[in-house]
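First up is the structure itself, then whatever we jot down about it.
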Amino acid sequence: MGDKENKKQKTGRLESQDRLGKIITDFYQGAHEAKRNGRPIAWISTATPLELLATMDYYCLFPEAHSATCGGRKVASYHCEVSARNGFEEHLCTYVRNDLGCILSGKDHQSPVGGLPHPDLIVTANNSCNTIQKWWENTSRYLKVPMVLIDTPFLARGMNRKEVFKYVECQLLDLVSYMEEKRGKKFDWDLLDELVKKSEKTCRLYEKFISLNRAIPAPVSVFDQWAHNFPNLATRFMDKARNHFELLISEIEQRIASGISAFPEEKYRVYFDGACPWYGLRSLSKKMSELGIVPVTSYYSELFTFSVIPDSVAHGDKPLTTMVKIADNLSIVNGWQGFRVKMAREKIEEFSLDGAIMGIALSCKPLSSHMPYEQDILAKEWGVPVVRIEGDLCDHKFYSEEETYMRLEAFAEMLESRKKQQEVSHV
Amino acid sequence: MKQVLEKFAKVLEEPYKWLSSWKLANRKKVIGCLPMYIPEEIIHAAGMLPVTLLGNKEPVTLADKHLLTFICEELRSSYDMLMKGKFEFLDGVVIPLICDQIRFTSDFWDMDHPFPFFHQIWLSFRVDDMGKKFLISEFKRFKSHLEEFEGASIPLEAIEKSINIYNENRSLLRKVYDLKRTKPGLLSADDIVKLVTSSMLMPKEEHSKLLVEFLSEVEKATAYTKDKIGVILIGHPCSPPEKKILDLIEELGAIILNDDLFTGYRYFNTDTKLMDDPIESLANHFLDNIPCPIKHYPGHFLNVDRTTPDYPDFVINMFNKRGAKGVINLGVMYCDPYDFEYPYLRERLEKEKIPLLNIRTGLESTSLETIRTRLGAFLEMLQA
Amino acid sequence: MIIAGIDIGSLTTKVAILKNGTMVSHAIERTGVNTNQIARRLLDEALGNSGLSFGDIDKVIATGYGRISIPFAHKQITEITCNAKGVNHFYPKAKMIIDIGGQDTKVIKMGDKGRVENFLMNDKCAAGTGRFLEVAAQTLEVKLNDLGKLSLKANKAVEISSTCTVFAQTEIVSLVAKQIPRENIIAGLHEAIARRVFSLFSCLNPEGEVVMTGGVAKNAGVVKALENLIKRPLLIPKNPQILTAIGAALLGHDGIINF
């Protein structure tokens with residue numbers, strides 16, 4: 001054992017955390033204010049082309065992000081129970097059950113942001129899952145609001161990309177005409193161009209922020225990355241989002257320069273696969289910090305928006321083309337599943353990782369179904385130690401701290417013995 | 001009658017053995033289709049045998065290696081058989097990406113057990129002109145892929161011919177179903193399942209021949225009628241319901257007037273209407289048919305005035321048309337599209353004052369005795 | 001007219017003897033392996049208590065899980081229909097029933113004369129049933145009958161997150177290890193059960209008075225937790241276990257199923 005392993009590093013809270021907090025608070029307060037001022041409200045899913053709606057001045061809210069927030073505050077369980085009372089089976093996606101439960105609770109809802117203001121239009125794309133289509137349909141029925149589904153075919157191998165592109169494009173154009181009719185004004189294509197460019201810039205900065213974790217020790221953990229995804233998702237076309245990431249990146253660069261790390265001790269660097277268990281961040285963070293297991297990167301961080309498509313300016317894409325690509329190219333999820341294993345392997349190389357955690361979300365098929373396969377391949381073909389922990393997206397009742405801690409401890413032992421083995425073989 | 005029925009049942013005893021020997025004798029390719037909505041006619045027109053892959057009651061032992069337990073039983077069971085090498089007789093598989101479970105696990109079929117032919121189909125979820133255009137392109141892609149695999153083109157006339165052969169089989173099955181209704185007690189609900197599941201395995205021509213023979217027997221036979229409580233049976237979207245549950249429903253005094261089960265009326269409810277382009281006919285057949293909970297009707301949701309009928313409308317309509325007393329839903333655990341539709345279905349039926357019983361089947365923890373009590377109480381309620 | 005109602009549940013068998021629509025005798029015993037024998041013995045016992053014999057009976061109605069294994073019964077009716085009838089007899093104004101038995105939980109909505117309008121049963125696992133409490137009592141090393149009393153002494157109900165009997169057991173063990181007072185754990189268990197039952201209950205669009213039956217109705221802790229959720233008092237029959245047997249006999253008396 002070298003003495004570098006025993007060295008404790010400096011750590012500390014990210015200063016950008018406060019700025020992030022303000023962006024989130026402003027976002028939700030702004031939504032309620034927009035509603036009061038008669039601005040149209042849209043609820044959209046995370047991989048719906050936001051900029052299209054923003055161009056028509058819709059204030060866009062994200063029920064998925066809202067469920068995450070409810071999960072973080074541990075009120076999602078209550079909303080999920082309300083859904084169960086209304087006949088939604090307990091194995092169904094907890095994001096949906098939280099959101100519908102919040103709607104069905106009426107004034108008794110427990111949303112930390114005062115619920116989402118009543119929408120004028122709800123739009124979703126089934127690129128993430130088919131569940132989201134049923135989610136939005138139920139919302140449309142309960143709230144009696146018009147709904148648009150953008151059908152985004154799974155990019156299976158052999159899929160006719162040209163036809164897929166045409167299909168998604170004509171659906172987006174149809175949505176544009178609908179908004180034009182509803183809003184009584186022409187769609188401003190120049191404005192879309194401007195917004196798309198701004199958004200892409202923000203997203204590229206977010207990507208850079210993620211890539212800075214290649215540093216050893218890692219300046220932040222994936223838990224921080226997930227938290228800072230919010231401006232990248234919801235406010236990405238706004239100047240303040242770009243500004244946020246510029247400041248964040250310089251803060252991280254400073255951290256790297258002065259050797260400040262995510263956890264006091266970085267014994268093992270690992271990949272985190274799966275959805276974020278929003279209620280369990282503190283609990284997981286505490287234990288992993290104790291064990292010196294640093295979750296350095298994850299695909300979840302890169303799941304959203306422009307990260308999934310190649311540089312649009314370099315490709316000379318029209319803004320609508322970019323929108324179509326975003327809608328359909330949710331590549332990690334909406335395409336050949338072997339890609340995820342490949343990606344995990346690449347990340348493990350790129351970020352110098354020692355192992356992988358599979359965070360199974362028990363009600364989320366798109367983010368969990370591939371895990372047993374991935375675990376099998378990583379362990380068998382690449383000798384990467386893998387541990388599965390179980391939980392869910394937002395209902396903390398799926399998560400058992402004792403059980404998870406036990407597994408993480410066993411994982412640390414696995415990593416330790418592998419390290420020793422490698423040291424021996426080096427000698 | 002019983003003798004002809006035995007011929008169907010024979011195929012189902014050891015279906016894969018039967019198929020293997022069929023293949024050997026006929027020297028044709030066999031393509032497995034996972035449930036549901038695969039345009040089998042195109043496979044048939046290519047001179048291959050399309051076979052619906054159904055799970056069975058064998059305990060799942062190998063599937064858990066790569067599938068989590070929240071994947072529905074049907075998929076876990078067929079994947080388990082794949083891993084056990086029971087599908088060796090297949091030349092290829094076609095998989096419809098109709099739900100999250102199948103969409104996010106079907107690649108493992110190819111990765112764990114590559115077949116010479118592997119194809120996934122995206123059935124447009126939007127039921128409108130845009131969806132139709134894409135669906136036609138998907139069916140064409142499927143056709144070209146099959147042509148490439150076979151090394152020969154599939155003429156449109158061949159598809160037309162296959163559609164006619166399929167339509168004949170459907171109309172014969174409808175005739176049998178009508179006789180089941182007009183001569184209650186003669187055919188059981190499970191007999192219908194046997195007829196449909198054997199149709200899913202056998203070449204349609206052979207099956208139709210047997211059906212003609214069967215029909216003439218059924219027409220001759222006399223029924224013994226008793227006062228029965230008429231019910232509509234729905235649920236089980238991708239798998240046959242268990243025989244013991246169907247038997248129990250009938251034993252307790254109910255008669256199934258109509259159903260919307262995958263291995264029931266849904267398989268043959270309407271013919272494919274022939275148009276100039278047979279591929280378009282097949283697309284229409286999927287889009288214009290039963291408003292299955294997986295489908296999205298943009299008109300229905302954008303205008304909020306709900307002009308197109310949805311799944312509850314379809315069930316209510318069936319209930320009224322048949323003068324039933326109640327609706328029984330045989331729910332399958334982990335069937336997301338149906339489970340997300342269920343609260344709305346329940347609400348709509350409640351509004352129409354249509355009694356509904358929801359039973360979860362296929363679960364190891366649900367004993368037949370519990371189901372007996374619930375079915376019994378439901379039928380007592382309908383009589384009161 | 002003398003009619004016997006026999007309710008063969010998974011845990012206990014109950015017999016009620018009705019003479020012209022009034023109960024004259026009843027008997028309860030644990031259900032053993034030979035349901036038929038026990039039912040017959042209990043029937044004879046109940047008959048004996050009121051000075052009657054088997055030959056005096058006009059009709060025997062069997063209900064409960066073991067109803068099909070009683071060869072001397074004239075008719076089998078499900079415990080759902082019987083329970084509603086029995087409850088209606090004592091509480092003509094009640095519209096809802098919550099029945100928590102050993103193996104399952106039922107909620108029933110009634111129309112006039114105790115006619116079943118709708119019902120739901122949990123059919124997934126033992127969570128939210130008497131069995132769940134039995135397991136919990138064993139794990140906590142307290143008597144099943146003491147659970148209710150103990151929980152009323154709790155100063156704070158601990159949150160039990162697991163909804164599964166097996167997992168809940170693990171959770172109880174870890175709570176005990178953390179030295180959480182037993183009373184608070186029990187109160188938490190009662191709340192967990194109540195929440196599950198409440199989910200089922202809400203699905204029926206509840207209205208009117210609510211009667212609670214089944215063995216768990218004797219547990220004051222569960223009753224209290226449920227009352228808090230449904231926001232109205234629960235009516236508890238003095239002998240909640242016997243109601244279904246009485247209902248069965250009443251159905252025999254009135255002419256089967258025709259109310």
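So you know, we letter chains A, B, ... as the sequences are listed, proteins then strands, and number each from 1. As a basis for the values below, the full set of heavy atoms in this structure was taken, side chains included, without hydrogen atoms, waters or symmetry mates.
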Cationic N near anionic O, under 4.0 Å, [X] to [Y]:
| X | Y | answer |
| --- | --- | --- |
| Arg360(B) | Asp339(B) | yes |
| Lys65(B) | Asp376(A) | yes |
| Arg76(B) | Asp64(B) | yes |
| Lys132(B) | Asp128(B) | no |

Below 4.5 Å from any heavy atom of chain B, which atoms of [X] appear? Answer side chain, backbone, both or neither.
| X | value |
| --- | --- |
| Asn126(A) | both |
| Ile360(A) | side chain |
| Ser368(A) | both |
| Glu163(A) | both |
| Thr152(A) | backbone |
| Arg340(A) | side chain |
| Asn160(A) | both |
| Val96(A) | side chain |

For a quick test of reading the model, state the closest non-hydrogen atom pair linking [X] to [Y] and the distance between them.
| X | Y | value |
| --- | --- | --- |
| Ile132(A) | Ser45(A) | CD1-CB, 3.5 Å |
| Gly55(B) | Met81(B) | CA-CE, 3.7 Å |
| Phe70(B) | Leu362(A) | CD2-O, 3.1 Å |

Proximal component of [X], with respect to chain A [non-hydrogen, under 4.5 Å]:
| X | result |
| --- | --- |
| Asp110(B) | side chain |
| Lys140(B) | neither |
| Ile121(B) | neither |
| Arg126(B) | both |
| Pro293(B) | both |
| Lys295(B) | backbone |
| Phe108(B) | side chain |

Could you have a look at [options] and say which one has the most heavy-atom pairs with chain B under 4.5 angstrom?
| options | result |
| --- | --- |
| Arg157(A), Glu374(A), Lys166(A), Met371(A) | Arg157(A) |
| Asn86(A), Leu121(A), Leu149(A) | Leu149(A) |
| Pro372(A), Ser363(A), Cys93(A) | Pro372(A) |
| Thr131(A), Val148(A), Leu100(A), Asp174(A) | Thr131(A) |

Below 6.0 angstrom between ring centroids: does that apply to [X] and [Y]?
| X | Y | result |
| --- | --- | --- |
| Phe104(B) | His370(A) | no |
| His236(B) | Phe262(B) | no |
| Tyr334(B) | His91(A) | yes |

#### Entry: Check: Asp328(A) side chain, Lys325(A) main-chain N or O, donor-acceptor pair, under 3.5 Å
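It does not hold such a pair.
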Let's test your reading of the structure: which of [options] forms the most heavy-atom pairs below 4.5 Å with chain A?
| options | value |
| --- | --- |
| Glu347(B), Gln101(B), His119(B), Glu341(B) | Glu341(B) |
| Trp122(B), Phe125(B), Tyr342(B), Phe118(B) | Trp122(B) |
| His145(B), Arg141(B), Gln120(B) | Arg141(B) |
| Ser124(B), Pro337(B), Pro298(B) | Ser124(B) |

### Pairwise salt bridge (Lys or Arg N to Asp or Glu O under 4.0 Å) hits with a residue in residues 98-109 of chain B, at least two apart
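For residues 98-109 of chain B, and leaving out neighbouring residues, there are no salt bridge (Lys or Arg N to Asp or Glu O under 4.0 Å) pairs at all.
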When the side chains of residues 349-356 of chain B are checked against the rest of the protein, which donor-acceptor pairs come out under 3.5 Å, sequence neighbours left out?
| from | atom 1 | to | atom 2 | distance (Å) |
| --- | --- | --- | --- | --- |
| Glu350(B) | OE1 | Asn205(C) | ND2 | 2.8 |

### Message
I'd like to know whether Arg348(B) forms a salt bridge (charged side-chain N to carboxylate O under 4.0 Å, His left out) with Asp310(B), so could you lay out the CA-CA distance, the side-chain angles of the two residues, the decisive distance to 0.1 Å, and finally the verdict.
### Response
CA-CA 11 Å; Arg348(B) 291 285 310 278; Asp310(B) 53 12; 3.4 Å; yes
